[in-house]
Q: 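Have a look at the structure that comes next, please.
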Amino acid sequence: MEKKDIKSLTREKLTAAITQMGLPKFRAGQIFSWLHQKNVKTFEEMTNLPAALRTQLSEQFYIPQLKIVRKLVSRIDGTIKYLFELPDGERVESVLMHYKHGNSLCISSQAGCRMGCKFCASTIAGFTRNLVPSELLGQIAAACEDSGQRVHSIVMMGIGEPLDNFENVLDFLNLLEDEKGFGMSHRHVSLSTCGLVDKIRELAQKKLQITLSVSLHAPNNERRDQIMPVNHRYPVEELIAACKDYTRITGRRISFEYALISGVTDTDECAYQLAKLLKGMLCHVNLIPVNEIRERDYKKSSKESIRRFAGILEKHRLTVTVRRKLGADIDAACGQLRKDSAQTGR
Ligand code: SAH
């Protein structure tokens with residue numbers, strides 16, 4: 001029988017598996033706490049379980065581990081970038097950032113990405129597979145253990161499209177919030193999507209307290225089609241309609257990510273169109289000077305253009321921030337380490 005990944009099971013699923021083995025329910029609680037609060041790496045360490053049970057568990061399940069294969073620390077601001085190896089040899093990255101209000105960890109949701117955004121490094125090395133809940137959680141556990149630091153918030157903005165890995169991401173969010181697990185409130189979680197409209201609608205029905213970030217990056221179909229293939233499937237008007245419904249159903253503000261690419265998305269016309277598109281919405285706009293990657297010739301906007309663009313939005317009463325770049329010396333943009341490691345085999 002193939003062994004099952006025990007750490008990917010929510011408390012409910014673990015309890016079902018344990019009772020199915022003919023064991024009392026409280027054993028599930030004990031095992032869950034060993035796995036998620038004490039972060040044990042073997043069943044042997046679960047010392048309040050009978051030895052026979054520990055053996056039985058190790059015959060049916062395994063506890064997956066992430067291995068750190070590279071670690072880069074920024075000399076500028078202490079940002080740490082990890083390249084992790086998953087049990088099957090796949091590699092993903094996470095970035096630990098320090099802010100005044102606490103530490104934030106940016107995690108990956110897939111090994112690669114199939115969304116194909118033109119400016120993004122994550123798509124270049126190709127898509128291999130979805131990450132399972134234990135691998136999403138494992139990035140947090142490994143970063144905390146290695147750095148000795150606490151993580152106060154999670155952003156799902158690393159490699160991959162979280163809503164393209166919907167079930168695993170939902171189980172991860174369940175495990176993350178479980179008071180007998182990691183115990184992090186969903187209010188400290190941001191999930192970023194390129195705009196999979198049907199999944200945004202499904203997510204709204206779950207009424208989670210997470211912050212939804214939507215990577216808009218262009219205010220009209222002509223421009224968005226050019227840089228984000230997903231727009232052919234879900235055009236701007238359908239995306240905005242779903243976002244409006246999302247804010248109405250959940251009562252939560254949406255954060256729109258907008259990458260400023262010189263001459264492509266940073267024109268005055270784009271700013272006016274964006275202001276019109278988002279008028280009256282419960283939202284926030286986060287402007288990101290595009291991170292230039294070697295494989296593409298997109299250039300980031302000048303400081304002057306960024307100021308101008310933000311000014312137009314503010315005049316239209318939108319709340320706007322410009323993302324501060326952290327870890328500039330370690331290439332902290334998503335997907336770059338995985339891509340380089342796939343290309344060089346290191
Ligand atoms: N797939 C999800 C989350 C991963 S990317 C999404 O699309 O939202 C996280 C954010 O970084 C997205 O807003 C993405 O569009 C943006 N991004 C990717 N490459 C970038 C680059 N080179 N410069 C600036 N932002 C980038």
Side-chain angles (χ1 to χ4, degrees), residues 4-18 25-40 61 63-66 84 92 94-97 99 101-110 130-145 147 149-158 160-193 196 199-214 246-247 249-255:
K4 282 211 330 237
D5 164 10
I6 194 165
K7 250 187 137 162
S8 283
L9 301 176
T10 60
R11 191 138 55 99
E12 207 182 342
K13 288 182 182 172
L14 179 67
T15 308
I18 292 299
K25 229 174 158 177
F26 76 94
R27 291 290 183 211
Q30 290 176 314
I31 297 166
F32 194 83
S33 143
W34 281 114
L35 290 171
H36 297 284
Q37 288 181 327
K38 301 185 193 93
N39 262 311
V40 296
F61 298 101
I63 307 173
Q65 303 297 328
L66 268 60
F84 291 117
V92 295
S94 310
V95 186
L96 181 61
M97 295 162 288
Y99 293 100
H101 56 265
N103 297 332
S104 180
L105 186 72
C106 175
I107 61 169
S108 297
S109 55
Q110 296 178 312
N130 285 328
L131 299 198
V132 293
S134 66
E135 294 167 335
L136 291 156
L137 283 170
Q139 295 172 62
I140 310 172
C144 288
E145 190 180 274
S147 68
Q149 297 171 28
R150 272 194 60 197
V151 167
H152 305 90
S153 62
I154 300 293
V155 289
M156 305 191 74
M157 289 195 184
E161 166 51 47
L163 298 188
D164 187 35
N165 183 14
F166 200 67
E167 296 305 322
N168 285 324
V169 165
L170 284 183
D171 277 1
F172 158 71
L173 290 172
N174 175 322
L175 282 161
L176 187 68
E177 198 188 31
D178 196 313
E179 84 261 6
K180 296 223 159 55
F182 197 82
M184 180 185 282
S185 155
H186 283 168
R187 290 182 178 272
H188 299 295
V189 180
S190 290
L191 182 153
S192 184
T193 177
L196 298 180
K199 295 296 175 197
I200 292 176
R201 292 193 175 282
E202 222 177 309
L203 186 66
Q205 297 306 328
K206 309 280 178 200
K207 297 200 175 74
L208 303 180
Q209 295 295 299
I210 58 171
T211 298
L212 182 66
S213 290
V214 173
Y246 186 92
T247 58
I249 295 166
T250 62
R252 308 276 305 162
R253 183 166 84 148
I254 285 187
S255 173

Q: Quick one: list whatever passes ring pair (Phe, Tyr, Trp, His ring centres under 6.0 Å) with His36, sequence neighbours left out.
A: Phe32
Q: Does a side chain donor of either Glu161 or Thr193 reach within less than 3.5 Å of an acceptor in the other side chain?
A: yes
Q: Do Lys199 and Asn165 pair up side chain to side chain, a donor and an acceptor below 3.5 Å, judged on atom types alone?
A: no
Q: Could you give the distance from CD (Glu179) to CZ (Arg11), rounded to the nearest 0.5 Å?
A: 5.5 Å
Q: Taking the side chain as everything from C-beta on, heavy atoms only, tell me whether Ile63 gets closer than 4.5 Å to Ile6.
A: yes
Q: Checking Asp164 now: which residues fulfil side-chain hydrogen bond (donor to acceptor under 3.5 Å, both in side chains) with it, not counting sequence neighbours?
A: Gln110, Arg114
Q: Show your working on side chain to side chain contact (heavy atoms under 4.5 Å, CB included) between Val92 and Ile107 and close with a plain yes or no.
A: CA-CA 9 Å; Val92 295; Ile107 61 169; over 6 Å; no
Q: How long is the span from the CD1 atom in Ile154 to the CD1 atom in Ile210, to the nearest 0.5 Å?
A: 12.5 Å
Q: Just verifying a value: how many Å separate Asn130 CG and Phe166 CZ, rounded to the nearest 0.5 Å?
A: 13.0 Å
Q: Identify the two heavy atoms, one from Ile249 and one from Ala204, that lie closest to each other, and give their separation to 0.1 Å.
A: CG2-O, 3.5 Å
Q: I need the minimum non-hydrogen distance between Ile200 and Tyr246, along with the two atoms involved.
A: O-CD1, 3.7 Å
Q: Can you confirm whether Leu170 sits close enough to Leu203 that some side-chain heavy atom of one is under 4.5 Å from a side-chain heavy atom of the other?
A: yes
Q: For the CD atom on Glu12, are there more than 12 heavy atoms of other groups (residues, nucleotides or ligands in this structure) within a distance under 6.0 Å?
A: no
Q: Hey, is the main chain of Arg150 close enough, under 3.5 Å, to the side chain of Asn103 for a donor-acceptor pair?
A: yes
Q: Checking Glu135 side chain against Val132 main chain: does a donor-acceptor pair fall under 3.5 Å?
A: yes
Q: Looking at every non-hydrogen atom in both residues, tell me the closest pair between Met156 and Ser109 and how far apart they are.
A: CE-CB, 4.4 Å
Q: First locate atom CG of Asn39, then atom NZ of Lys7, and finally report the distance between them rounded to the nearest 0.5 Å.
A: 4.0 Å
Q: Main chain of Ser134, side chain of Ser8: is a donor-acceptor contact present, judged purely on distance under 3.5 Å?
A: yes
Q: Is there side-chain contact between Glu177 and Leu208, with heavy atoms separated by less than 4.5 Å?
A: no
Q: Testing the basics here: between Gly138 and Leu66, what is the closest heavy-atom pair and its distance to 0.1 Å?
A: C-CD2, 3.7 Å
Q: What are the two closest heavy atoms between Asn168 and Leu136, and how far apart are they?
A: O-CD1, 4.1 Å
Q: Say whether, by atom type as modelled, one donor and one acceptor occur between the side chain of Arg252 and the main chain of Gln209 under 3.5 angstrom.
A: yes
Q: Is atom NZ of Lys38 surrounded by more than 12 heavy atoms (other residues, nucleotides or ligands) closer than 6.0 Å?
A: yes
Q: Does Lys180 reach the main-chain N or O of Gly29 with its side chain, forming a donor-acceptor pair under 3.5 Å?
A: no
Q: Out of curiosity, Arg253 CZ to Thr211 OG1, how far, rounded to the nearest 0.5 Å?
A: 8.0 Å
Q: Got Leu96 and Gln149 here, is their nearest side-chain heavy-atom distance under 4.5 Å?
A: yes
Q: Which is it for Val155 and Val95 under the side chain to side chain contact (heavy atoms under 4.5 Å, CB included) test, yes or no, and what are the steps along the way?
A: CA-CA 10 Å; Val155 289; Val95 186; over 6 Å; no
Q: If every non-hydrogen atom of Ala142 is compared with every non-hydrogen atom of Phe84, which pair is closest and at what distance?
A: CB-CE2, 3.5 Å
Q: To the nearest 0.5 Å, tell me how far Glu167 CD sits from Phe172 CZ.
A: 15.0 Å
Q: Just by distance, do the side chain of His186 and the backbone of Leu173 share a donor-acceptor pair under 3.5 Å?
A: yes
